[in-house]
Amino acid sequence: MRETPLSTCERAAVLAAISRGVRLDNRGFLEVRDINLSFGKEYGSCTVTLGETRVLAQVTCEVVEPRPSRPNEGKLSISVRLSPMAAPHFESGRGNELMDELQMILDRNIKESRCLDLEALCIMAEESVWQLRVDVTVLNHAGNLGDACNLAAVAALRHFHRPDVSVEEDGRVTIHTFEESEPIATYMKKVPVCLTYAFFIIDENIHMLMDPSEKEERVMSGKLVVGLNPHGEITSLIFPGRVLLSKKDIMNCIKSAFKKAKFSAEMIQNLVDEDIVKRKSSVKVDGFAKNLISDTVYASHMVKKTIDKGQNFKFQVPRESDEENGSLNDEMDEDINDEESGDDNSDAKPNKSDILWRIQSIRQASTKDDDATHSMETDGESEEEEKKPKLTAQDLI
Amino acid sequence: MDIKLASELPRMRSMIPAHGSARPKLVTPGEIISHDTSFMRGHGTYMEDEIQVASVAGFVTRVNRLITVTPLRQVYQGAVGDTIIGRITQVQNKRWKVDVNARLDAELRLTNIQLPGGEQRRSSVEDEREMRALLREGDLVCVEVQKISDDGLIRLAARSTKFGKLSQGTLLAISPSLVVQDKQRMHDLPCGARVIFGANGYVYITPTVPQEQVSTYTVNFEEVPIEVRKTVGRLRNCIKLLAHHSIMISPTSVMSAYDQSIDQEYEIKDLLRPEVMQDVAVATVQKMNE
């Protein structure tokens, strides 16, 4: 199917709102949507939700012969797939430029940056090494696929454990099952993070947003995709579109990206480590079953999320929704014991809504850092954007 | 702020009165239609081991020895002579590409439109260069289907003055199967608005008031009075609720729903609430059955 064209008035509305300092979903200009990580039953399987964008990454491994030019190193291959499930205009099989762009981002950020220690994947030099394969599938396209795919791939790699091997004297390699001996975690030296900045040219002024939603992506004039890690290295820099920025502007974007990168990398590490600990301690692993919430529950969760965002108070689950969820209580009671996030910030959380406060606590964890890096009030934001087209470090801090 | 969950609304019983034999036979893909091999296979069916099977979800029609299955809902295929509404997506060499809610973007050639400044003028090189001055990306046009090629590409024409660029109004996208087959597609409704029921499911509601235009390609941006805008809004919501309840969209049904909504004194924004939508839809069906 083709993509339905965006109507002229929608385009004008988005641009008019941005020129007045407002985004359609009422986020701040430098505010990223809620990020949620969940892990499947197997090691190395991770789903990332960035707002409504949803991406699944799966890591698998295989013993192969190494490349003759690099006999001591394992192999890593990443592939991105845009399924028609993500958006009606995606066609499976036919490559399009979005897929090429995502592939390029992931290759540069993860493979070429050498964040994964490939030498640790070697079993016997020149004979057998591990080949890790990351398959990233986009499940829902609601804007900013680059960041989401990167998050998913990195989290999945970090989460992945490969089986233990033992090498016999005659060179035969035995792969042990997970029950026989403990699987080995992949060691990631640096955590690559990807951040996308969208630019809009309205009346000779350049407006900058972070984490564009799908509508904003269709209207934007250009974007800057920065891949970096908290150690201070830039792993990739992609600048498609029709925007002219000076070197200084790009440097300022990158500086602001570094602050967010640190927080993002920490978040991935914490969530992955928590899940691994939980997995090792408890026998039962739920995997993605927790995410399969029915329509009623999802609807009430979305309603409460909107109220909460609008009024900024700690919500309490009202009585009527408890009755609605009555029939689902049995399924959800099993999941209560698994606490995905460690932050116990909101009080008055009934057991039935563990999904709700999981989202809440992740958002609070992210707003802690967001408040430090930029102000949440729209006055502050519009002030930044109303200045001259040049973006200075002052504006972004 | 009034927030309600749509799932709280009780499910609506079917509004089609069950007449027994008058009810058409509905089939789903894969369902066996007949074991008789003497029937000719029409559209929507295929033969599998001498059994005739449906390939689309729809109702079975039999004309002598021909059995066809007409689908209930289908992507707009296009029929020669249809009046449809489209949105320009691309400006190419001597033609425009138009999104018409079909499988492919339709084609509108420069030679097939009425050029400004006189009848039947041949297009010159300057016209080719100035195509964007006539129609640019994002514009809405009312056109006629001229020809459909084998691969499904629809060729459009906008030869008379009633076709061309659309001026101020509201566009609504519904399923093409809900639009009643009608020779006359543009209707001036008594409430003061003109509605164009495109055969492709795009419905355009435009006020009849600011009508003086220099040519079909300059939009009259004169401000529309608030009363007319309210009428347009109410009509839009009425059509939306009829489509939601799978009621056929025709000038009669739309006017009936409009009158109902005024009689019941519903505000325009109330027509977006599920229970009000159901109320008006049921009342419209009852009124039309009388």
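Scope of the values below: all heavy atoms of this structure, side chains included, with no hydrogens, waters or symmetry mates. The chains referred to below are lettered A, B, ... by the order of the sequence lines, with proteins before strands, and numbering in each begins at 1.
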If you take all heavy atoms of A/Thr8 and B/Gly138, which pair is closest and at what distance? OG1-O, 2.9 Å
Show every salt bridge (charged side-chain N to carboxylate O under 4.0 Å, His left out) that has at least one partner inside residues 130-143 of chain B, sequence neighbours left out. B/Arg132-B/Glu137, B/Asp139-B/Lys165
Is it true that, when you exclude A/Leu244 itself, more than 12 heavy atoms of the residues, nucleotides or ligands shown sit nearer than 6.0 Å to its CG? no
Sorted by chain and residue number, the salt bridge (charged side-chain N to carboxylate O under 4.0 Å, His left out) partners of B/Asp105 (sequence neighbours excluded) come out as A/Arg2
Is there any salt bridge (charged side-chain N to carboxylate O under 4.0 Å, His left out) pair reaching into residues 5-15 of chain A, and which pairs are they, with sequence neighbours excluded? A/Glu10-A/Lys215
Nearest 0.5 Å, please: how far is CG in B/Leu171 from SG in A/Cys9? 8.5 Å
Enumerate by number any residue of residues 143-155 of chain B whose heavy atoms lie under 4.5 Å from heavy atoms of chain A; in the absence of such residues, state 'none'. none
Under a 4.5 Å heavy-atom cut-off, does chain A meet the side chain of B/Ile88, its backbone, both or neither? neither
